[in-house]
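Structure first, commentary second.
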2 protein chains.
Amino acid sequence: MHTTSPTSTLPAKVRFGHALRAAREMLGMSQEELAERAGLHRTYIGQVERGERNISVDSMERLAAAVKIDLWIMLTPK
Amino acid sequence: MHTTSPTSTLPAKVRFGHALRAAREMLGMSQEELAERAGLHRTYIGQVERGERNISVDSMERLAAAVKIDLWIMLTPK
DNA sequence: ATGTGACTTACAGTCCGTG
DNA sequence: TCACGGACTGTAAGTCACA
């Protein structure tokens, strides 16, 4: 059945959200910790991870830095 | 010695702006034309190309689509 | 054909809480 | 620890007049 791979890429904000959550969990960080590191609000992180927010480049960049992954990598479609 | 390679990457919005302008010019398009294609305002495109605006993911995605380049590629540091 | 400053309105981003 | 909501505040979106 070949699980998934719907080449029809998901919206960038969704891909970013997934990558962010994955990276954060890999680092064993809580949303609150990440929020603090990135200088953003706790609740906002959650919404971004769920792909619910139309985040700005600057914020993406700060979050990417906080999880130590280059932004462009976080947006690369799997 | 390994000179240069100013890994000290410019802000993402600046990289995006440069990539957008390069792509647009490569396609021989005017800002006005691109604006029409992307459904955005002419002056806004200019501001984005100059890295003056903290653009959102959604807008970046639309612009990337208008110049037919994947967003993540446009953000890849040279 | 583009740059720029100024402007209004829509929504990014905060902060309080609850389960 | 996180999802989710409502009410707020700040700033991006989107437009314009003019250089």
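Predicted model, so just to flag it, every value in this text is computed and none were measured. Proteins get letters first, then strands, A, B, ... in listed order; numbering begins at 1 in each.
Straight-line distance from the CD atom of A:Glu49 to the P atom of C:dA12: 17 Å, rounded to whole Å. Rounded to a whole Å, the CZ atom of A:Arg50 is 5 Å from the P atom of D:dC4. Atom-to-atom, CG of B:Asp58 to P of D:dA13 comes out at 10 Å; the value is rounded to the nearest Å. What separates NZ of B:Lys13 from C1' of D:dA13 is a distance of 14 Å, to the nearest Å. Remark: P of C:dG5 and CD of B:Glu52 are 7 Å apart, rounded to the nearest angstrom. B:Ile45 places its CD1 atom 13 Å from the C1' atom of D:dT15, with the value rounded to the nearest Å. Distance CE (A:Met60) to C1' (C:dG13): 15 Å, rounded to an integer number of Å. One interatomic measurement links the two molecules: NE2 of A:His41 to C1' of D:dC2, which rounds to 14 Å at whole-angstrom precision.
Within 6.0 Å of CD on B:Glu36 lie no more than 12 heavy atoms contributed by other residues, nucleotides or ligands. The environment of CD in B:Glu33 is crowded: more than 12 heavy-atom neighbours from other residues, nucleotides or ligands sit within 6.0 Å.
Here CE of A:Met60 is found 9.5 Å from CG of A:Leu20. Values are rounded to the nearest 0.5 Å.
For C:dC11, the OP1/OP2 oxygens have no side-chain nitrogen or oxygen of A:Asn54 closer than 4.0 Å. OP1 and OP2 of D:dG14 both lie 4.0 Å or more from every side-chain N or O belonging to B:Thr43. For C:dT14, the OP1/OP2 oxygens have no side-chain nitrogen or oxygen of A:Arg53 closer than 4.0 Å. Remark: A:Arg24 is in phosphate contact with D:dC2, judged by side-chain N or O atoms under 4.0 Å from OP1 or OP2. Using a 4.0 Å cut-off, some side-chain N or O of B:Gln31 falls inside it from OP1 or OP2 of C:dG3. For D:dA3, one of the phosphate oxygens OP1 or OP2 lies less than 4.0 angstrom from a side-chain nitrogen or oxygen of A:Arg21. Considering only side-chain N and O atoms, A:Tyr44 lies nowhere under 4.0 angstrom from the phosphate OP1 or OP2 of C:dT14.
A:Arg53 and A:Gln47 share a side-chain donor-acceptor pair at under 3.5 Å.
The partner of D:dT1 is absent, by the rule that a Watson-Crick or G-U pair needs both atom distances under 3.5 Å.
Taking every heavy atom of both residues into account, B:Gln31 and B:Gly46 meet most closely at NE2-CA, 3.6 Å. When all heavy atoms of A:Val57 and B:Ala12 are compared, the pair lying nearest together is CG1-CB, 3.7 Å.
Heavy atoms of B:Gln47 sit under 4.0 angstrom from at least one base atom. At a threshold of 4.0 angstrom between heavy atoms, the contacts of A:Arg62 with the nucleic acid are absent.
Comparing D:dA13, D:dC2, C:dT4 by their closest approach to the side chain of B:Ser56 singles out D:dA13. The side chain of A:Glu32 lies closest to D:dT1, out of C:dA1, C:dG13, D:dT1. Nearest nucleotide to the B:Ser59 side chain, out of D:dA13, D:dG5, D:dC2: D:dA13. Each of D:dA3, C:dT14, D:dT15 was ranked by its minimum atom distance to the side chain of A:Leu40; first place goes to C:dT14.
Interface remark: the B:Arg42 side chain does form a donor-acceptor pair with the C:dG3 base, using a distance-only criterion of under 3.5 Å.
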